[in-house]
There are 4 protein chains.
Amino acid sequence: MHNHNIQKKKPGRPKLTNDSNITRDQILQTASYLFMTFGYEGVSMEQVADASNVTKASVYYYFKNKATLFTIAVSSMFRRIKIQTDKLLNSSNGLKHRLYEVTFEHLIRPHIDFETLLQEASLSLTEEHIQEIRTAENEVHQALENIFKQAMENGEIVVKNPLLLAHAFSTVTMIRNKKELIIELGGPEKTAQALVDLFWVGIGPK
Amino acid sequence: MHNHNIQKKKPGRPKLTNDSNITRDQILQTASYLFMTFGYEGVSMEQVADASNVTKASVYYYFKNKATLFTIAVSSMFRRIKIQTDKLLNSSNGLKHRLYEVTFEHLIRPHIDFETLLQEASLSLTEEHIQEIRTAENEVHQALENIFKQAMENGEIVVKNPLLLAHAFSTVTMIRNKKELIIELGGPEKTAQALVDLFWVGIGPK
Amino acid sequence: MHNHNIQKKKPGRPKLTNDSNITRDQILQTASYLFMTFGYEGVSMEQVADASNVTKASVYYYFKNKATLFTIAVSSMFRRIKIQTDKLLNSSNGLKHRLYEVTFEHLIRPHIDFETLLQEASLSLTEEHIQEIRTAENEVHQALENIFKQAMENGEIVVKNPLLLAHAFSTVTMIRNKKELIIELGGPEKTAQALVDLFWVGIGPK
Amino acid sequence: MHNHNIQKKKPGRPKLTNDSNITRDQILQTASYLFMTFGYEGVSMEQVADASNVTKASVYYYFKNKATLFTIAVSSMFRRIKIQTDKLLNSSNGLKHRLYEVTFEHLIRPHIDFETLLQEASLSLTEEHIQEIRTAENEVHQALENIFKQAMENGEIVVKNPLLLAHAFSTVTMIRNKKELIIELGGPEKTAQALVDLFWVGIGPK
DNA sequence: AATGAATGAGTGTTCATTCAT
DNA sequence: AATGAATGAACACTCATTCAT
């Protein structure tokens, strides 16, 4: 630790960057939850700060502006979802059961339609912001698509267009917002079951 | 609702009041379009006024506040949709074709997820506002449910839960927001076709 | 005043535009004083509002933003100065006395170097704003130039470059800021006198 | 000022403290340039830090606050100017040529009216800060005054009030801000020439 | 019926400043 | 000596709402 040390010790307080920047992560977690719950305009920077137990100025210390915070928050959320979805791909269960699990997870987690959210936010986002989010979002869809492709190869399902299927499936799980419907159908488990069944057999006469 | 009194034409010169509904209707039409495009917080009363070619104060002359304007605008929009959907019920085409038509119409009309919109707006709405909107929305779902019930009785489709089906169906058509997907699939006609097919045969092995 | 009246009476509250919009004028007067005293960044919109006895939002009702308020305020100030300067042109006094009067007026009115002010503000102004201000400013210089030209034709003065003279003269009167110097010289009257003398005879040996 | 102790080299290894004045001097140099270019409020501590290649906190390590930084920066700038002006006093050229040189130097160096700058900053400065700056500024004026006095004694010029002359002269060189005028007059050399001429012969009839 | 004027409360953002390291 | 983290106070600007006309 003396001056003889060859590794140049950087002056000043060391950064927290690498292992864990707790405050920054806390803000991101809070922000993504709030944005997914109340929309872009529906969430103020002060709300994010309060819910993160920091001051508004601290949020700005870590994120240049609201659009940037939004972009990073939802992108990292997508990355978490992608990882979770990838795990399913390697699970040993049959596809139908795995679909049930994805559906169930979606139903119990409260958030809003992402396309709608993005459309609202896009008034304030730059083209780069949108591209960054789209990239993260696509990774999730590709993960889903992979599950479907794998199932096709296994002969588990018959499908013409796996990409459309991935989108349709992730859209349908949006039904989660309709709390009353879920209650009427007997809770999220039964609703998830019924949705997957619907997807599985279709509605046409056999 | 007020324009339906076809009978009982009042004697004498009609009041100007009737004409002025033109302004009111103009505002409503404009408002519902804007709200469905940019969300609740994304639309200001000034935008509504400007797009309606009136002043902000005029909007307040007809509607007590933003929440009320929103409630009336989306409710009357739902009523228009319900009427359109009801027409389908009486159409002589097969169900599959009628579903295609509904899907296609949704795909080309630009608007955002209604549940998401309502969730965002609900921060500013009273319980009564929400109830009024839900009532109007349910009428649309019931109209869809009726179509499915009729098809079940005709033996056209096999379905366990027509209510879930109605929701799932109206949710899936939300895919409309994903412009790029639609382009990739070859335009709205083909996308609509593929979606209905997916719904019709399901994905499970036969 | 009945509907039969051919002149279409405009609906709503009549505008105050033409004869006198008191509030707007009050804000402009206040703003130009504050800007000339404390600079662009040194004056907040709230200060302008408070000093004008209106709310901040009212200032924004009349002026789109701070840059616009600044532009209009200083431009209209220049227009007032130009009018005053033009009056001098037609005065019957000799040039030297008229210069004394201009100088004296400048010395007692407190404000800062306009070029400096503009340079500071220019970070926030658009090119159009700057052009508008320059135009108004030039009118003042031209009015001064005219005085000098007239004097040249009368043989009152000998000058090579009336434009430079106009600028130099209006710049020198900036000495007004140096309160202590003015006091040391025996007040604004004597200072004005000394300044004009300096300009008149120059410093070179005769 | 601190680098002038050429004599008395201390024995042993010199303290790092001496070297570090490089950082401090760098900040001062940067700060005075920025303040003279963008005004007091127009420059943020972060800008100063960035332009000096240090962090904001480092600026605070050397200077208690913005007002202090400003005071020291402009005072040391005045001291540099005074030294430069003193050199002129001992130059062998005639006064007219020396005035031309001063004027030319001013015209090409970009900065704003100091009185205006000080007036803007004075809202944030203590009385002591202002006094300190005034003292440094006065030294410059006295240096100019000395040049004029010397010229009077030599019979080069005829002047009633050398102090006013010093102020008037340093004020007139402010014309530098008017870039367009300078261009119109054929560049800084010709403008400087014309200005000195104007001062030299005055405008009155001979 | 319709409008110009006016405002209070809030929003995104910046900035000078402090402090532990 | 130098820095990353954090903050309170202010600022420009917006917006839903009210009111006299």
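First the proteins, then the strands, lettered A, B, ... as listed; each starts at 1.
Atom OH in B:Tyr62 sits about 12 Å away from atom C1' in E:dT3, given to the nearest Å. Rounded to a whole Å, the OH atom of A:Tyr61 is 15 Å from the C1' atom of E:dA16. For the pair D:Asp50 CG and E:dC15 C1', the interatomic distance rounds to 13 Å; values are reported in whole Å. Atom CD1 of A:Ile27 is separated from atom P of F:dA5 by 11 Å (rounded to the nearest Å).
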Pairs under 3.5 angstrom only: tabulate donor-acceptor contacts from the side chains of residues 38-49 of chain B to other protein residues two or more places apart or in another chain.
{"residue": "B:Tyr40", "atom": "OH", "partner": "B:Ala67", "partner atom": "N", "Å": "3.4"}
{"residue": "B:Ser44", "atom": "OG", "partner": "B:Glu46", "partner atom": "N", "Å": "3.4"}
{"residue": "B:Ser44", "atom": "OG", "partner": "B:Gln47", "partner atom": "N", "Å": "3.1"}

statement: A correct 5'-to-3' footprint of nucleotides 10-15 of chain F, with B, S and - meaning base, sugar-phosphate only and no protein heavy atom under 4.0 Å, is -SBBBB
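Remark: D:Ile27 CD1 to D:Leu69 CG distance equals 7.5 Å, nearest 0.5 Å.
No side-chain N or O of D:Thr116 forms a donor-acceptor pair with one of D:Glu120 less than 3.5 Å apart. The closest side-chain donor-acceptor pair between C:Thr71 and C:Thr68, if any, does not fall under 3.5 angstrom.
Contact of the B:Leu118 side chain with the B:Leu125 side chain is registered, since non-hydrogen atoms from C-beta on lie closer than 4.5 Å. Proximity of D:Tyr62 to D:Val54: side-chain heavy atoms (C-beta onward) are nowhere separated by under 4.5 Å.
Considering only side-chain N and O atoms, A:Ser58 lies nowhere under 4.0 angstrom from the phosphate OP1 or OP2 of F:dA6.
The nucleotide whose nearest atom lies closest to any side-chain atom of D:Thr23 is, among F:dA2, E:dT7, E:dT3, F:dA2.
Side-chain atoms of D:Thr126 come within 3.5 Å of backbone atoms of D:His129 as a donor-acceptor pair (strictly under, hydrogens ignored).
Pairing analysis of DNA chain E (Watson-Crick: purine N1 to pyrimidine N3 plus N6-O4 or O6-N4; G-U wobble: N1-O2 and O6-N3; both under 3.5 Å) yields stems of 3 or more pairs at E:2-21 with F:2-21.
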